[in-house]
Amino acid sequence: MEIASKYNPAEVEEKWYKYWMDNKLFHSKPDDREPFTIVIPPPNVTGVLHMGHMLNNTIQDVLVRRARMQGKNACWVPGTDHASIATEAKVVDRLASRGVKKSDLSREEFLEHAWDWTREHGGIILEQLKKLGASCDWDRTAFTMDETRSESVLKVFRDLHEKGLIYRGVRMVNWDPKALTALSDEEVIHKEVNGKLYYLKYKVEGDPDGTYALVATTRPETIMGDTAMCIHPDDPKNAHLKGKKVIVPLVGRAIPVIEDDYVDIEFGTGCLKVTPAHDANDYVLGEKYNLSSIDIFNDDGTLNEHGIHYAGMDRFEVRKQIEKDLEAAGLLEKTEPYTNNVGFSERTDAIIEPKLSMQWFLKMDGLAQPATEAVENNTIRFHPEKYKNMYRHWMENIKDWCISRQLWWGHRIPAYFLPKGGYVVALTPEEALEKAKAKVDYPITMDDLKQDEDVLDTWFSSWLWPLSVFDGINRPDNEEINYYYPTNDLVTAPEIIFFWVARMIMAGYEYRGEPAFRNVYFTGIVRDKLGRKMSKSLGNSPDPIELMEKYGADGVRMGMLLTSPAGNDLPFDKSVCEQGRNFNNKIWNAFRLIKGWKTDDSISQPETAAIAVEWFQNKLSETVAEVDDLFSKYRLSEALMVLYKFFWDEFSAWYLEMIKPDYQQPIDTQTYEATLGFFDALMRLLHPFMPFITEELWQALYPRGKGESIMTVLQPGADKVDKKLLGDFETLKEVVSGVRTVRLEKNIPNKEKLELHVTGGHNDRFNSVIAKMCQLSSILSVSEKQPGAAGFFAGTTEYSVPLEDKVDKEAELEKLRTELGYAEGFLQSVLKKLSNERFVQNAKPEIVENERKKQADAESKIAQLKESIAALEL
RNA sequence: GGGCGUUUAGCUCAGCUGGUUCAGAGCACCUGCCUUACAAGCAGGGGGUCGGCGGUUCAAAUCCGUCAACGCCCACCA
């Protein structure tokens with residue numbers, strides 16, 4: 001059978017994914033085995049696979065596949081998130097492109113469009129994950145707005161309300177004028193913006209001299225909402241304003257001057273205009289001094305009827321216009337360039353407007369407590385650990401969570417308002433009516449109840465994800481939740497540590513009294529070569545699907561993993577995928593070599609092969625132990641790198657070369673069987689990282705039964721390691737390398753057999769191996785190196801290849817002298833240490849002993865070098 | 001304005017509790033090879049005063065102080 005010399009991933013990937021699906025190998029159900037659970041961070045239902053998903057899901061798949069191969073009952077639950085605000089924005093856009101405004105539709109009509117959109121786009125990203133090889137249990141695919149999940153959300157709302165943790169109130173919230181909804185603090189991103197500081201003149205009322213107070217503000221367009229001016233009680237320069245009233249420019253309204261030490265005397269002029277409706281701090285002042293509050297904005301950021309002649313204009317238009325008008329009226333003293341922090345909506349990028357409104361909130365401090373402790377005491381471990389600090393800091397300063405959104409796409413808040421005030425919380429209208437009847441003393445019908453128009457924050461469903469995917473809220477004692485919960489690992493981006501991770505931990509403790517997961521692996525951000533975040537708008541993100549077509553899913557997976565230690569950003573470049581693809585090819589060709597051999601029972605195992613097998617067996621054990629250790633520390637890139645080198649260098653370059661029979665000669669059965677065994681072990685070790693090629697070759701290695709898969713066999717275990725053997729073997733490599741260098745330097749073809757002379761201590765156990773790897777005719781022990789020989793050292797032993805005329809005496813002498821110089825310098829430094837009494841006294845005995853050995857070795861090497869030089873100089 | 005983190009080869013990173021696995025790995029680079037598994041390869045090689053300064057110690061990439069640059073998180077100075 002001819003096997004192509006290049007690996008073709010496209011052919012095998014589809015085949016094996018189908019095989020895994022057909023044989024239900026991803027499916028998990030509770031049994032006696034130890035469970036291993038991961039819930040996917042649900043991608044947005046309308047999202048398209050990007051490089052961040054690739055990284056994130058590759059890592060999850062590695063963890064799940066490895067757990068499965070450790071005999072655990074691995075369950076990776078996939079699903080999608082309804083992404084309330086993001087999806088609603090997309091649906092609104094699509095409707096707009098068809099000339100339909102959201103406001104023209106009823107709630108029901110709009111939701112119909114949203115569901116259409118969800119049905120059209122919802123499955124795309126999950127299908128794309130299959131191309132990556134993701135071993136999710138697709139039978140469990142969940143959606144944050146499907147029936148089970150919706151019921152869970154409503155029940156939790158009702159429960160937390162009953163516990164008194166959910167309340168309703170008028171607060172200053174972050175208002176997104178584009179999406180027309182409130183946002184939580186976490187959804188606001190602060191950015192530095194270059195703006196101006198405007199100095200406005202507020203004339204003092206009834207002052208004939210025309211004196212005025214100067215107020216510095218970044219937001220002149222809000223003056224219509226001013227209801228006071230505030231100075232510091234101890235501010236001498238503004239003391240004359242105490243007890244006075246000042247006139248708001250353009251508006252002409254008089255407002256009182258109040259005093260509060262909140263004002264910073266040094267900032268601006270020390271005068272602060274107070275606009276309780278449009279600034280969180282001013283709101284606090286307003287409450288304190290019982291100021292009236294004038295809301296001058298419409299929900300979309302245009303000015304309302306309080307905006308005098310600016311009514312109907314956008315807030316930023318007004319800012320420009322009002323500057324001119326103030327100028328014209330002589331009420332603008334000056335402007336200065338100024339940078340300040342402005343809040344932007346995470347989703348729509350609109351500038352946030354602080355707005356007073358009635359919203360639903362969840363009390364957080366009680367929920368936060370056990371969640372804070374769990375991370376602090378490592379019940380839940382963060383990888384890398386540095387995120388613990390961030391987490392603690394946020395948790396200790398946690399604020400109540402604004403959970404209502406003025407949107408339609410999402411879980412509608414299960415609160416029903418009563419005709420004469422008050423409300424009830426209930427899962428269904430029927431339940432609501434029942435509760436209402438119990439609450440009021442007047443007759444009431446279903447039609448009298450009005451359900452809250454708002455929906456819940458998307459994260460109010462995501463935070464239940466590890467529970468709700470196993471139906472742990474609705475049926476808290478079901479077999480699945482009892483078996484799969486707590487989940488094991490969570491793989492996610494640090495950006496959503498507060499949005500999601502922290503809240504899942506809280507929900508986990510509130511509803512199970514147990515951690516949601518044991519380990520959190522924080523991935524980095526995928527960036528381009530220039531260090532920019534990959535984004536659709538920049539167009540700097542490669543299409544993952546195209547990438548996989550070009551380099552193979554295994555190649556891309558490897559590319560992602562090789563350069564992404566936990567928590568570090570990943571500067572992505574296609575070249576790493578190339579490296580991955582090359583490695584696939586390397587594996588492919590090693591297999592081709594092995595499979596090309598004919599076996600012969602009648603040949604006995606050559607000595608070189610016996611040594612090779614023994615050595616590789618030990619090397620394998622050593623590597624397995626190393627990989628185990630790295631996995632336990634979640635150092636996946638390093639684990640992969642160890643395996644990469646193990647396969648490429650130890651297995652291919654050393655082991656296979658050692659056992660390789662002469663061209664077209666058969667191999668002995670014993671060695672062949674051992675080699676197949678090693679290859680099998682290597683495939684198993686690599687399978688979590690590169691599922692497709694390893695399955696393909698594992699299947700081809702031996703005849704396999706129907707439905708069998710590498711996915712479900714165990715990882716190789718680590719045996720005892722003969723350290724001495726491994727050490728000796730490293731010396732052997734040095735010798736082989738030395739001879740190869742001689743060949744290269746002297747331009748000696750490989751076919752020409754050479755003789756190797758040894759001067760000094762040498763372990764001749766591996767002579768047959770050295771002879772085979774270097775094409776030697778013999779290895780002789782000599783008391784002195786021949787003058788016409790090219791030499792090198794391995795440790796303190798000198799090796800040389802007699803070459804007669806081929807050796808350039810001068811060059812050889814030069815080499816030896818350089819080496820001698822180095823050795824003498826080294827000896828000097830060792831002697832200096834040893835002659836330092838304090839070193840000999842204070843250092844640990846083994847350190848001193850080591851220095852003595854270095855001294856002896858150096859001395860013996862120097863003696864040998866001198867002899868060789870003397871012989872050449874003759 | 002607070003807090004955290006990073007700085008080691010051209011690039012991406014590893015170096016735990018100070019001393020032979022202390023200056024490493026992969027990629028990139030250079031040289032020679034189409035050697036019958038693999039040129040997506042083989043063999044060999046060069047390259048860093050471990051961000052700067054100061055200190056502790058017999059001994060510092062490693063511990064302490066300080067400065068600098070970069071990054072992240074939090075924060076209401078209008």
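Order of the sequence lines fixes the chain letters, A, B, ..., with proteins taken first and strands second; residue numbering starts at 1 for each chain.
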(message) Should the side chain of A:R740 and the base of B:rA43 be counted as holding a donor-acceptor pair, with the cut-off at 3.5 Å?
(response)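 Checked by distance alone, the answer is no.
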(message) So, under a plain 3.5 Å distance rule, would you say the side chain of A:N281 forms a donor-acceptor pair with the base of B:rC76?
(response)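 For A:N281, whose side chain was compared with the base of B:rC76, there is a donor-acceptor pair (under 3.5 Å).
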From the options [options], select the nucleotide whose nearest atom is closest to the side chain of [X].
X      : options                : result
A:F498 : B:rC38, B:rC74, B:rA78 : B:rC74
A:T741 : B:rG44, B:rC38, B:rC72 : B:rG44
A:Q579 : B:rC38, B:rC27, B:rA78 : B:rC27
A:N750 : B:rA78, B:rC38, B:rU35 : B:rU35
A:K386 : B:rG5, B:rC38, B:rG41  : B:rG5
A:R635 : B:rA14, B:rA37, B:rG19 : B:rA14
A:E638 : B:rG26, B:rA14, B:rA37 : B:rA14
A:M390 : B:rA25, B:rA78, B:rC73 : B:rC73
A:Y262 : B:rC42, B:rA75, B:rA78 : B:rA78
A:F839 : B:rC74, B:rG19, B:rA78 : B:rG19

Report yes if a side-chain nitrogen or oxygen of [X] is closer than 4.0 Å to either non-bridging phosphate oxygen (OP1 or OP2) of [N]; otherwise report no.
X      : N      : value
A:Y338 : B:rA78 : yes
A:N341 : B:rC76 : no
A:Y283 : B:rC76 : no
A:K832 : B:rA59 : no
A:S575 : B:rA28 : no
A:W597 : B:rA37 : no

(message) Between B:rU49 and B:rA23, how far apart are the two C1' atoms, rounded to whole Å?
(response)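 Looking at atom C1' only, B:rU49 and B:rA23 are 11 Å apart.
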(message) Between B:rG54 and B:rA61, how many Å separate the two P atoms, rounded to a whole number?
(response)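 It works out to 14 Å between them.
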With a 4.0 Å cut-off on heavy atoms, is [X] in touch with a base, just the backbone sugar-phosphate, or nothing at all?
X      : value
A:K660 : base
A:D264 : base
A:K853 : nothing
A:A216 : base

(request) Report yes if the side chains of A:W597 and A:K660 come closer than 4.5 Å at any heavy-atom pair, otherwise no. (result)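 Heavy-atom side-chain distance check passes, below 4.5 Å.
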To the closest 0.5 Å, what do you measure between [atom1] ([X]) and [atom2] ([Y])?
X      : Y      : atom1 : atom2 : value
A:N618 : A:L726 : CG    : CG    : 5.0 Å
A:R581 : A:K550 : CZ    : NZ    : 7.5 Å
A:K833 : A:I847 : NZ    : CD1   : 8.5 Å

(message) Taking NZ in A:K237 as the centre, count heavy atoms belonging to other residues, nucleotides or ligands within less than 6.0 Å. Is the count above 12?
(response)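 Yes.
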(message) If you compare all heavy atoms of A:F591 against all heavy atoms of A:L701, which two are closest, and at what distance to 0.1 Å?
(response)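 Looking at all heavy atoms of both residues, the shortest contact is CE1-CD1, 3.8 Å.
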(message) I need the CG-P distance between A:L593 and B:rU35, as an integer number of Å.
(response)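 Spelled out: CG on A:L593 to P on B:rU35 is 16 Å.
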(message) Closest-nucleotide mapping onto RNA chain B: is A:N585 or A:E657 further toward the 5' terminus? I mean the 5' end.
(response)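 Final value for this comparison: A:E657.
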